[in-house]
Every structure is written in C-alpha cells, then in structure tokens.
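What follows is a short report on a single structure.
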Amino acid sequence: MLRRCLTWPPSNQFFCACCLSRRHCLCHEYFTTMAGPEQSPSPSPRSRVLVYILRQDVRLSDNPIFHAASTLYAGGMVDSQLDANCNPRNDSPLSHQHTPHFTHFLPVYVFPANQVEVSGFIANPADPSPYQEARSQIAGLWRTGPHRAKFMAEGVWDLKQQLENLDCDSGLQIRVGLVEDVVQNILDWYAGGEESTSSGETDVVGIWMTSHEGSEEKTTEARVKRLAKRSNVDFKLWDDEKYFVDDQDLPLDHISELPNVYTTFRKSLEPLRSKPRKLIPAPTHMPPLPPNIPPQESPFEIPSSLTGLTKALLSPLEDDLAHGLKHAPRWPENVDSAHPFGGGDQAAQNRLTHLISSGAMSSYKATRNGMLGADFSTKLSAYLAQGHQTARQIHWAMIDFEEGRGPGEDISGYGKGENDGTAAVRFELLWRDYMRLCARKFGSGMFRLYGVHEARKSSKWGADGEKGRKRFKLLNKSGGAGDNPEKTREVFERFRSGRTGLGLIDASNRELFLTGYTSNRARQNVASFLASHLGIDWRVGAEWYEYLLTDYDIANNWGNWQYVAGVGNDPRQGRVFNPVKQALDYDKNGEYIKAWVPELRGVELKKNTRSGNEEIDQEKLMGLYQAWRLPEDEKQALGLKGVDWVEQPLVRIQFSVGRGRGPQSSEPRGRGRGRGRGWKGGNKSNGKGSRRLGNEDKRKMSADGDEE
Ligand SMILES: Cc1cc2nc3c(=O)[nH]c(=O)nc-3n(C[C@H](O)[C@H](O)[C@H](O)COP(=O)(O)OP(=O)(O)OC[C@H]3O[C@@H](n4cnc5c(N)ncnc54)[C@H](O)[C@@H]3O)c2cc1C
C-alpha cells in the first residue's frame, strides 16, 4: 500500500501508508526505493533493529539520536547537525557507510538499578531482587529519593506518549535493571534464546547511546560496548549534545588542558552568545518499533500507567520516608514549593516560555539570589539534569526574545539584544558545562575526600596529597582529628533534620527534604556549613543532596560540593560562608527562615522607633538567624525552651550588625559562589569573640573576583 507523498516526505516520492517508510517497509513486507514505483512483494526479510538506550536524554527535541534515526530511516542525510554558523558539522558520529541499515527502531529507557531502587517493580513480592539496594557508598542513603523519582517517571512517560502520538508505530520501552543486563537480555532474546518464541526473524544491528561524563556511567558504556562487540553488533556512542557550548567547539586539544579556573575557561569562549550550535529539529516521524519486543526480565514487571510507574518507584522509599530521622521535617502551613514543576520535555518547554514571556528571564540577574517563590531563578535545572531540555534550547529561546521573535512582546528589552538577565543565564549555563568538563578531567577525583587535589596531588595539599590538609570528621571512623564517629553521626542527623540551630541552614535543609529543591544561595551555605563549620566529610552532604534533589546532576552536585568544601577548582581555597551574615544579606526580613522553620514564625521582628516609624529589631533578627539568641521570655512564649536546636545549637556564631552596615543598608553585592559574601576563617563554634569583617577580609573579598 504505497502512496505518493503530498506533505512528507517531499513530494514525488512514495511512502508506505502504514508506517510512512520510504525504504524497507515491513508493514507489507516489500522493499521500495525512494522514488521507485510499487514493486512486487519480495520474500519476508528479517527485521533489523536499531536499539537506542536512553539515560539522561529523555526528549524528542534537540536529540541527535532520534533525529538521526528518523532521518536515516526516511532515506535522508543527517544534515541538521549544524554549528553556530549554520555550517554542517564535520564531526558527526554518523557516516553513511558506517550506519547499519535498520528497519525498526527500539528506544529503551532504563531505570538503572544501581542508582534507582527498583524493588518496587517486583511482580511477586515474595521474590527477592537480584540487585543490591541502590544506596550511596558512604552514608548508605537511597541514591534517588521520591522527588526525583517522580520527576523522572513523568519525563519518561511524556516521551513515551510523544513517540506514540507520532502515529507511526513508534514508542518507548521502559525497563529496570543494570543497563548492561537490559542490553544483554535484548541481545539474547533476539538471538533466539530460551524465552523468545517468535523472535527468530529479527536481528539487532546496532546499539546507540549518548555519552555521559559520570565515571559510573562510563563504565556502563564500556560494558555495553563489550556486549555489542561480542554479539557482532554495531555500537555507537553519540556525543553529548547537552552542552551549552558544544564540547567539540572548545579551544582544547585534550581535556587535560581545561583551565582549573572557571574565569579562564569563560574568557576563552566569550562572547558566549555567539557560541552555541543550532538546535536539532524534533522528528515528526520515527521508524516503527520491532514487531516483537523482548519483555522485561523477571522478577520485575513494568506498570502500564504513569501512576503505576510512580508507585513502583516510590513504594520502597515510602517504607521509610523519614529516612531514619527521629525528627523528620513536616510541611509547614502556608508555604509553597519553589519548585512545583513536573517532569518532561513539554513541561520544560512550558517553563521556558513562561520565563521569557513573564520577564523572569530578563530580570534573572537581579533576582537570582532569591530564595522564596518560583521565579527568582529559572528552575530549569532538573529538566537539564534529566535531559528533558538542552542548554542550547534555552539559549535559542533567549535569542528569539533578544531578536524580537516569539513570546515576550510586552517585556522590556524585547528585540533589543542580550540583556543583563539573559547574559547571566548564559554565564550560569557555561558553569554547568564547566562542571561537566571537570568531571571528565578529574574522573573519580570528583568523589574523593580531597577531591581534585588528591587527583592533582597539588603542592598546596602536599606532594603526597596528605600533608597539611584539613581533616574531615568521618561517619564510620575517626577522621584523625580526635573526633568521635558516633557523635558525628548524631550531628549529621541533626543537620539533615533541619535542627542545627542556624536559621538559614535549617530552613534550606527542611525545604530540600520536603520539596526536592533549595536555591543556589542556600546550597552554598549548607555545603559550607557541613564541610567547614561542622567539619564533616563533605561527601555525605553530597550524598544527601543526591538523594533529595530533583535536579541532581552528577557533575553539578559533586563539583559544587567539593568546590564549596575547599577541595575543588576554587581559586580561593578555604572560603567559609557565614550563614548569619548571608541571612542578613539575602533574607533580611527573615521571610525565608520563617517560611520553612514555622516554630520561629512568632518572632516579632518589627519595632517602633522613637519617631513612630517601624524598623527591624536587629537583636530579634539575630534571634531568628540563631534561636539561642532570642530573649528567654520569647523562647518561653514560643514553646522553644528545652528544644535541642534552640538551646544546644551545633554552632554558635558571634555576629553583630554594625559599622554602618546594618541590614537596611546592606545590599547584597556578591553574585554567588561565595564571591564577596564568603566569610574566611569563619568557624566560631567555640563562641569566642565577636566576628566582624575586618579590612583585610574586605580587601580579599573584592579582590577575589566575581565568578559564580
Ligand atoms: C552544594 C551545591 C550542590 C549543587 N547541586 C546541583 C545539582 O545536583 N544539580 C544542579 O543542576 N545544580 C546543582 N547546583 C548548582 C545550582 O545550585 C543549581 O543549578 C541551581 O540552584 C538550580 O536552580 P535553577 O535552575 O533555578 O538555577 P538558575 O540560577 O536559574 O541557573 C540556570 C542554570 O544554570 C546552571 N547553574 C546554575 N548555577 C550553577 C552552578 N553553581 N553550577 C553549575 N551549574 C549551575 C543550572 O543548570 C541552572 O539550571 C549545586 C550547587 C551547590 C552549591
């Protein structure tokens, strides 16, 4: 049943009315040429399946593999891999000579059993799971918590529906297990293994996947490659297209040349606006799924609805949602999540459109250090992390605004080129690239206690990576600083529960626990507090974030944690954020702390001046930032007497407002990652002496550059 093409593919050609193929069509089992007349049926050919293993590239748009599969199947050239100047890329991983001829395309998304707990997929609860629980190495926490699990499920389901809606027999298979086990199962099944019944007519001709910077993910890639080779199947690892500036356009011959300072890296690429490559169009037609598809291997079963999928992911976690915490945070009244967004390619595009048309993108530079509400920053991180969206999609949407196309006509700056907000977003997207490149450069050094210093063995950290370095308290044994691991575990529990006694830290940790999100400003303070004020192994903090963050991203999380902990690529080693000073700068009316620590909502901050005006009572504000400083009668009235985090805070920071820089006059100057706001040498946990910024500190702060 061949028809002449009217719209797609280009006219004067023929295509199969069922699957729209212009080439080898199995719907009616004949082979047709692109423009040739209808031919008589030939003997039934074997199906030739190209398998696409998806990980963090769960989207149809700007996806090189979907695009290539669609284009090649339709007999076209993969011509849309364009560089920033619209020139065809000469680095496409596809050459037509090396592309396997395929008749069917099998996209498979795998929930990897080493990272996501999959026991909730076991069909018969009496059956044991063949996999260990997906827990972190040091603190034994779940690796994927409920917020991200739900977001991932939504993204996968969205893609599945998009593929099914193309109406060309395409779709997405969902599997659980180790990626290599899933691949092995597919290969065995099609090779006619025991369990297959009607699969003998099919050959797997290729396995494609997108490369990833994580060391664990790299191991998976190597294993899949080995399996493919063993089965004589073509394996192709596609370049990651998720960079803002494509990694192939960097002025580096080898990753070892990546500068150890972000500023140097950024300067080598400016102006950033001119660097990203063009988008890859979303396919409108895909090759069909194979007629027979290997089932999920037992004992697991894949649910047939999004609700079922989410339930299977969440059920093992729900057994202990408090995660062993005696005082797990509870959702306070009258506060909204800053990140109420669902997962998926469509949701990502909607969010992006909202940011542009509401003006939030243009005002980003001014608002990005906020902590309350949905629009102070983009909240695109989770979409980027799961590959529901690419950085260059954000870039090109901003270009449209800057050049006066698309939404946002009413917003100031429309059609007037790059503005402070859009430039600042590009700046952050490049930070994200940089973290990914650091992950590539330092590999497993990202996860070591002494981070990249251990990997580098820098002289600063001692030629043997040991000498003169700061000691961290460990959870399982003494870290060498006379610490007691049992006590460290208790402190870590109070940290996770949002009961340290430091308002900003507790608000952020409670928000994170309950919503899966906390702002960049808060993250910096929390990480600094754990690593420097509490002196605890920063990696357990990173694991805690890995568990809870919806936007968890291996490079961004581990890279930022080690950066703030002073063992990463920070030119200003040893900075410490003062969470009281930071609260004064970024939560000067205490709204954020009151939102997430409801026990403190009753603290009355306003007082009348002699002239009858209202002003913030500085002493009360300090009591909000550290509740131990509240007057005794107020503690009594608020029911805070005897509460551990109020009366025995983990750290007491002596800090007072003065020298003309009271909160009303203190406008935040720094833009992030501690720049200008960090507090060097800040752990005053012994409570001795008042800490004010001396001239030396101020000098260093302004000289320290302005990088975020
Ligand atoms: C200790 C710590 C842990 C972090 N863990 C993660 C993580 O697991 N996943 C993650 O995506 N980000 C992480 N970040 C970076 C940053 O906090 C988040 O990207 C940001 O808060 C997400 O909110 P947003 O999308 O509104 O960001 P925006 O401020 O709107 O920024 C736009 C985008 O730029 C990128 N970006 C922004 N800040 C950074 C940064 N400091 N480093 C790298 N990329 C950045 C993100 O992709 C973000 O979506 C971490 C930061 C710290 C200090």
Side-chain angles (χ1 to χ4, degrees), residues 56 143-145 147-148 151 214 242-244 262 272 338-339 341 348 351-352 355 360-361 363-371 373-395 398 421-439 446 505 508-509 511-512 515-532 538-539 541-566 568-570 575 577 582 671-675 678 707-708:
Q56 271 109 35
R143 292 192 63 187
T144 303
H147 307 296
R148 188 162 73 260
F151 192 87
K242 294 186 281 277
Y243 284 94
F244 170 65
Y262 171 72
L272 302 185
H339 193 288
F341 309 109
R351 174 73 187 151
L352 183 53
L355 290 166
M361 201 69 108
S363 56
Y364 171 80
K365 184 165 189 230
T367 60
R368 67 177 297 274
N369 276 306
M371 292 190 284
D375 283 355
F376 63 81
S377 64
T378 65
K379 311 293 167 11
L380 293 173
S381 49
Y383 298 118
L384 289 164
Q386 292 302 322
H388 299 172
Q389 186 168 59
T390 60
R392 59 191 185 191
Q393 283 178 317
I394 301 171
H395 163 79
M398 294 194 299
T422 54
V425 170
R426 291 193 175 98
F427 183 96
E428 297 303 332
L429 292 174
L430 192 71
W431 253 114
R432 176 174 176 272
D433 282 7
Y434 183 65
M435 288 297 177
R436 296 163 83 87
L437 293 164
C438 284
M446 298 292 285
I505 306 301
S508 172
N509 270 336
E511 179 194 22
L512 174 67
T515 70
Y517 184 86
T518 191
S519 68
N520 182 60
R521 174 60 45 190
R523 291 181 204 199
Q524 290 173 321
N525 275 278
V526 166
S528 165
F529 184 77
L530 183 86
S532 294
W538 60 272
R539 296 171 304 171
E543 288 185 350
W544 182 239
Y545 267 34
E546 175 172 354
Y547 166 52
L548 285 176
L549 280 175
T550 304
D551 67 22
Y552 170 74
D553 171 286
I554 192 166
N556 273 6
N557 189 57
W558 291 83
N560 273 289
W561 266 93
Q562 63 171 226
Y563 191 102
V564 178
N569 264 354
D570 181 1
R575 79 178 80 197
F577 286 73
Q582 290 271 307
R671 284 195 58 258
R673 201 169 275 106
R675 121 182 32 131
E707 294 300 339
E708 168 73 24

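Whatever order the structure lists them in is the order used to number ligands and atoms, beginning at 1.
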Is any N or O atom of [X], backbone or side chain, closer than 3.5 Å to an N or O atom of ligand 1?
{"X": "Leu384", "result": "no"}
{"X": "Thr518", "result": "no"}
{"X": "Tyr545", "result": "no"}
{"X": "Gln524", "result": "no"}

Does ligand 1 have a heavy atom under 4.0 Å from the side chain of [X], from its backbone, from both, or from neither?
{"X": "Tyr364", "result": "side chain"}
{"X": "Ser377", "result": "both"}
{"X": "Leu549", "result": "side chain"}

Assess Arg426 against Phe244: is NZ or CZ under 6.0 Å from the centre of the six-membered ring, and within 45 degrees of the ring's axis?
no
With a cut-off of under 6.0 Å to the ring centre and 45° to the axis, is Lys379 in cation-pi contact with Tyr383?
no
Who's closest to [atom] heavy-atom-wise, of [options]?
{"atom": "atom 9 (N) of ligand 1", "options": "Ile554, Asp375, Asp551", "answer": "Asp551"}
{"atom": "atom 32 (C) of ligand 1", "options": "Asn520, Val526, Thr378", "answer": "Thr378"}
{"atom": "atom 19 (O) of ligand 1", "options": "Gly541, Ala360, Ser381, Ala542", "answer": "Ser381"}
{"atom": "atom 20 (C) of ligand 1", "options": "Phe244, Phe376, Tyr517, Trp561", "answer": "Tyr517"}

May I ask you to check whether Asn569 and Tyr434 show a side-chain donor-acceptor distance below 3.5 Å?
yes
Out of Tyr545, Tyr547, Trp558, which one pairs with Tyr552 under the side chain to side chain donor-acceptor pair (under 3.5 Å) rule?
Trp558
Under 4.0 Å to a heavy atom of [X] - the qualifying atoms of ligand 1, by number:
{"X": "Ala527", "value": "1 (C)"}
{"X": "Asp553", "value": "7 (C), 8 (O), 9 (N)"}
{"X": "Lys379", "value": "24 (P), 25 (O), 26 (O)"}

Side chains of [X] and [Y], heavy atoms from C-beta outward: is any pair under 4.5 Å?
{"X": "Thr518", "Y": "Val526", "value": "no"}
{"X": "Thr367", "Y": "Asp375", "value": "no"}
{"X": "Leu355", "Y": "Tyr364", "value": "no"}
{"X": "Lys242", "Y": "Leu384", "value": "no"}

List the steps, then state whether salt bridge (Lys or Arg N to Asp or Glu O under 4.0 Å) holds for Arg523 with Asp551.
CA-CA 12 Å; Arg523 291 181 204 199; Asp551 67 22; 2.8 Å; yes
Can you measure from CE (Met371) to OG (Ser508) and round to the nearest 0.5 angstrom?
8.5 Å
Determine whether any heavy atom of Val425 lies closer than 4.0 Å to an atom of ligand 1.
no
